[in-house]
Amino acid sequence: MVECTECGATLAMNEDTEVGELITCGDCGADLEVTGMTPPMVQLAPQEEEDWGE
Amino acid sequence: MLRVNVLGGSGYTGGEVLRILATHPMVEVGIVTSSSNAGKPLHQLHPNLRGVLDLTFSPRERLDHAEVLMVCVPHGRAMEMMPQLLQNADKVIDLSADHRLRDPADYPTWYGITHPHPENLQRFVYGVPELHREQLRSATAASGPGCMATAANLAMLPLFKAGLVEERHIIVDVKIGSSAAGVEVNISTHHPERANVVRAYAPTGHRHTAEVEQELAPYNGGRKPRIDLSAHAVDMVRGILATCHLRPRGEVTDKDLWKAYRDAYGAEPFVRVVNQKAGLHQLPNPKVLLGSNFGDVGFQLDPRGERIVAFGAIDNLVKGAAGSAVASMNLMCGLPERTGLEFPGLHPV
Amino acid sequence: MLRVNVLGGSGYTGGEVLRILATHPMVEVGIVTSSSNAGKPLHQLHPNLRGVLDLTFSPRERLDHAEVLMVCVPHGRAMEMMPQLLQNADKVIDLSADHRLRDPADYPTWYGITHPHPENLQRFVYGVPELHREQLRSATAASGPGCMATAANLAMLPLFKAGLVEERHIIVDVKIGSSAAGVEVNISTHHPERANVVRAYAPTGHRHTAEVEQELAPYNGGRKPRIDLSAHAVDMVRGILATCHLRPRGEVTDKDLWKAYRDAYGAEPFVRVVNQKAGLHQLPNPKVLLGSNFGDVGFQLDPRGERIVAFGAIDNLVKGAAGSAVASMNLMCGLPERTGLEFPGLHPV
């Protein structure tokens, strides 16, 4: 288990997740990069800027 | 099986109650009254019920006793009839505004009429499970909520529960669809006038304000917060979005907000927290809720401080009326709360 | 329980299949693939599925074996992949156009491509229960129908079955919503261009013509009738109305028409004959069908003779695609045909 850096949700990490992989937080949709496995750690991955031009 | 009668089945709220009850596994629809349409098949007014609920409208005199009575008559008429209606069923749910307010003095203020049977008001529980679930389990009478009030209450409840906001200077800016005005025709819902509008109406003094202040008070030390509501008709048939602007109390972070909404709604069957970083559907949007009993809530902290924006989106006919009525019925009759209310909504629509 | 995989779950058809399967009592949704969205939660593209189907998209390589595979990839790709896909499931339902036509020679004519695996075409049953119910019960592969073709076929089938019409000079004038163009963006569905239009497109040579001629031939002495179809984009997201103008063969009365439609559809679970003398909802209208699997049909005899007008209304994403696919799946897997398809549609909406 690890906590989302953006919204604090607890995220399950399946065993075959590797460092460097991206996981999406189910609550806030933030893309998180796995930076450690023991203990599990994540950081916000660079978000591509979305501009609907509205 | 539960036998349920519907008093006043010809309007949009009555039609939506019938649509939900028609596919509710534990309900058998009994008498459906409509004085002006007696003898006609339901599907003549509710075409979606053709081949689904093959009943005809009955005159009101035919109303017999049933386990549950759904009252879908216009505001002002339910309050007069209620003493007699309470004999007609073990449990009564009044979808009109006539039994929503607890304080009889609120009726002259907000509805301009004196309540003829104030003694009944205490017996009715406000029919929003997220606010009164335990009371509803043992209630014999419940009032359907106001649709705008429901969107606003769902949006702001977590902020009051966690004590994160001031109790004044709360702006609730509502956008609402045409079905909320009901089936009666008038110039304001005449298509050439109603299509493509963004028409402000009741910028102050909207009646649903009373319910929001009443229902949030218990989470504000018992004091009614002051809610400043304005409503706009927009180009939708179903749907409400309530955009609430509040002042944070002291230092409030994004994580505080997430915790408040997660604590308030983590276990709720019908409320979803929609606050996404990416994609088209980042914040609550009534368009994706048509026909579903979900209430979507979201929030955003103003980076310049001094403002929290909270959103509440619902389908005014479902979570804002018939869906909450059926969820209340389920609780009152000891059924699982989601029974008959699983429809996920449509996308795209 | 039936385990069902969905290949290509990111489009509107895939999303609608997922919506129906999510509340289908006998189905467990397995792998949902989308190469470009792998890892994302379904609700990021299908917001109505938030809290309803908590899965994420998988890359296509993760596709495993399942009892049923719903193929929702674009036209042209399904036909290439099919030989391998047929190994992936006991039963395959292809919602693209790639296996709808029985005669391989029709593909160059109507779709401008040569079918790479014509040998597969005979194995697929055309997935419209009203036309192929018995064959579907024993089929291992079915093709989802074209949406416009389905509206037209349902409208005209009774007339051909009863031999009431000529086989030529049949005009099918179709009005259709924007969701039929799919989720890919292009200028034609750009809101400022798409809103409030009545835009004719493909006035001749529309591809769905092939399916209508193919499916009505068995009721016309084996000869393909000539269908002259024209399509118009109108201001709807979901919905199709096909208005068919046909020439009566000899003397045809109103009663003959009622008998033909009653004989054809009296026992059908998903077709309703809508031909009322009074009320607002006299003839089929796609507006009341959103989300439901009903096909509404109606008709009118021109008092001046020489013309029968027949109507067919459906929701292009349900009866015109995902709903017919699930009804076919139910038949292929020995389940009651209505399972998971009871939603009555919304009104008003």
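Note on naming: letters A, B, ... go to the chains in the order of the sequence lines (proteins, then strands), and numbering restarts at 1 for each one. Because only heavy atoms are used, hydrogens play no part in the values below, and waters and symmetry mates are left out as well, while side chains stay in.
Environment of CD in E251(B): sparse, with no more than 12 heavy atoms of neighbouring residues, nucleotides or ligands closer than 6.0 Å. Within 6.0 Å of the CZ atom in R199(B), the count of heavy atoms belonging to other residues, nucleotides or ligands exceeds 12. Residue Q300(B) places its CD atom among 12 or fewer non-hydrogen atoms of other residues, nucleotides or ligands, all under 6.0 Å distant. Around atom CZ of R194(B), more than 12 heavy atoms belonging to other residues, nucleotides or ligands sit under 6.0 Å away.
For chain A, the nearby part of D254(B) is the side chain; its heavy atoms alone come within less than 4.5 Å.
Listed options C28(A), G8(A), G29(A) were ranked by heavy-atom pairs under 4.5 angstrom with chain B; first place goes to C28(A).
Put simply, the side chain of R262(B) never gets that close to the backbone of D27(A): no donor and acceptor are under 3.5 Å apart.
Listed here is the closest heavy atom pair of C4(A) and K255(B): O-CE, 4.0 Å.
Look at K277(B) and D31(A) and you find no salt bridge, because none of the NZ, NE, NH1 or NH2 atoms lies under 4.0 Å from a carboxylate O.
The distance from the SG atom of C7(A) to the CG atom of N275(B) is 8.5 Å, given to the nearest 0.5 Å.
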